[in-house]
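Remember, it's a predicted structure, so these values are computed and weren't measured experimentally. In what follows, chains are A, B, ... by sequence order, proteins preceding strands, each numbered from 1.
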2 protein chains.
Amino acid sequence: MSVSVEERRAERHAAVRDQVVAAAWRLAAEKGLTGFGLRDVAASVGMRAPSLYSYFPSKFAIYDAMFADGYRAFRERIATVRPSRSRRVSLVRAAETYLDFCQEDPARHQLLFLRVVPGFEPSPESYAEAVVVLDDMRVLLAGMGLHDRRHLDLWTALTAGLASQQAANDPEGKRWTALVEPAMDMYLSYVEGDLS
Amino acid sequence: MSVSVEERRAERHAAVRDQVVAAAWRLAAEKGLTGFGLRDVAASVGMRAPSLYSYFPSKFAIYDAMFADGYRAFRERIATVRPSRSRRVSLVRAAETYLDFCQEDPARHQLLFLRVVPGFEPSPESYAEAVVVLDDMRVLLAGMGLHDRRHLDLWTALTAGLASQQAANDPEGKRWTALVEPAMDMYLSYVEGDLS
DNA sequence: GTCTATAAATGGATAGAC
DNA sequence: GTCTATCCATTTATAGAC
């Protein structure tokens with residue numbers, strides 16, 4: 001059960017990385033996704049800016065870690081959705097969870113689901129986290145008998161649209177969130193003929 | 001038919017303002033919505049940065065003018081949609097026009113329809129341009145017998161979702177654009193019972 | 001690994017001459 | 001109205017001492 005010095009060092013290193021990412025999320029929520037600098041990040045973990053470079057080679061690398069982290073958090077959140085025998089209930093719960101997740105942190109919504117940071121694109125490894133979540137959704141719909149990618153794309157468009165309209169036009173309210181049930185009803189009656 | 005000196009001066013002033021806004025759009029398309037500076041803007045209209053302050057009191061004021069200008073352009077574009085007796089055709093054409101408009105300039109899509117510039121909110125006057133367009137859409141749906149705001153919100157969410165998924169996940173392709181017809185079919189069969 | 005110091009650039013914005 | 005000059009803050013990132 002002994003652990004090598006290198007392993008403990010690596011653990012500490014990873015722990016600090018996580019703190020940096022958490023600090024970046026806090027600042028993004030406060031000042032906007034592109035509104036914070038490395039000094040802010042460093043200060044809020046008790047460091048000076050240059051020390052961050054022991055953990056991340058660039059600011060984009062921090063965005064990249066945030067991206068992966070955000071999708072892992074999203075996947076965990078989606079995993080908490082209580083399953084139901086009713087397709088309708090399952091879809092409504094999934095969509096509501098997604099909408100809540102977006103609304104509770106608009107900066108995260110922008111980083112994960114929109115293309116907002118000029119010049120930033122997630123690395124293949126981080127993008128893989130996004131693919132995993134999308135695959136979860138694919139499996140969920142497949143479990144309902146929907147196997148066509150177009151069915152999945154239509155569902156993501158519908159929920160993404162509710163989220164983006166909510167964020168852009170009524171960030172504090174429920175104008176579009178309140179439409180989740182009708183939206184899922186609409187979706188379900190449309191795909192009804194294709195259910196297996 | 002004579003025009004006062006002041007009027008001609010005002011006209012020239014307005015013309016330069018328009019050039020500045022046009023230059024800002026070009027740069028936003030090139031370098032990202034938040035990726036350009038006032039020096040760039042000034043240079044691309046043959047000026048130095050301080051001279052811009054004769055036309056706009058701040059960078060946010062330029063974003064504000066872009067916002068109003070973008071919604072005017074959007075309204076003109078929507079006005080070109082050929083009317084049809086078929087509700088389905090009308091909705092498909094409107095949605096396709098919206099999607100094309102978004103895809104042809106992602107920075108414009110972000111400024112008009114997402115909340116991307118940290119700290120920027122449109123002035124009431126500029127926001128009024130957005131309200132006008134939304135009212136056009138309200139009238140269009142009302143002409144089809146759909147008078148409920150929820151019908152309008154559901155339609156905007158659906159089209160906005162197609163646009164944002166397209167922009168974020170397949171900016172060069174047609175993966176979600178290709179779903180306009182099914183999406184409109186879905187929408188129409190759902191609201192069918194409420195048509196007057 | 002963290003620091004100071006600094007690079008090298010850029011940001012928005014202002015003062016004041018012309 | 002436009003310019004030069006400049007302010008002042010800030011940015012990301014690097015060099016090198018400790």
| said: Quick check on DNA chain C: between B:Phe60 and A:Pro50, whose nearest nucleotide comes earlier from the 5' end? | reply: A:Pro50
| request: Choose from D:dT2, C:dG1, D:dT12 the nucleotide whose nearest atom is closest to any side-chain atom of A:His13. | output: C:dG1
| Length of the line joining A:Phe36:CZ and D:dA9:P, which is rounded to integer Å | 22 Å
| remark: Taken to the nearest whole Å, CG/B:Leu27 to P/C:dG11 is 11 Å
| Which nucleotide sits closest to the side chain of A:Tyr53: C:dT2, D:dT14, D:dG1? | D:dT14
| Taking CZ from B:Arg39 and P from D:dA5, how many angstroms apart are they, rounded to a whole number? | 14 Å
| Is the B:Tyr71-B:Phe113 ring centre distance short of 6.0 angstrom? | yes
| task | Would you mind reading off the distance between B:Leu52 atom CG and D:dG1 atom C1', rounded to a whole angstrom? | result | 12 Å
| query | Rounding to a whole Å, what distance do you find between B:Gln19:CD and D:dG1:C1'? | reply | 14 Å
| Please give, in whole Å, the distance from C:dG1 P to A:Glu11 CD? | 13 Å
| request: Starting at atom CZ of B:Arg48, determine the distance to atom P of D:dT4, rounded to an integer number of angstrom. | output: 4 Å
| message | Taking only side-chain N and O atoms of B:Ser51, does any of them lie within less than 4.0 angstrom of OP1 or OP2 on D:dG1? | response | no
| NZ of A:Lys31 versus C1' of D:dT11: gap in Å, rounded? | 12 Å
| query | Side-chain N or O of A:Tyr55 less than 4.0 angstrom from OP1 or OP2 on C:dT2? | reply | yes
| Is the centre of the A:Phe60 ring less than 6.0 Å from the centre of the A:Phe67 ring? | no
| request: Kindly indicate whether a cation-pi arrangement holds for A:Lys59 with A:Phe120, taking the cut-offs as under 6.0 Å to the six-membered ring centre and within 45° of the axis. | output: no
| request: Could you tell me whether the side chain of A:Gln165 and the main chain of A:Asn169 form a donor-acceptor pair under 3.5 Å? | output: no
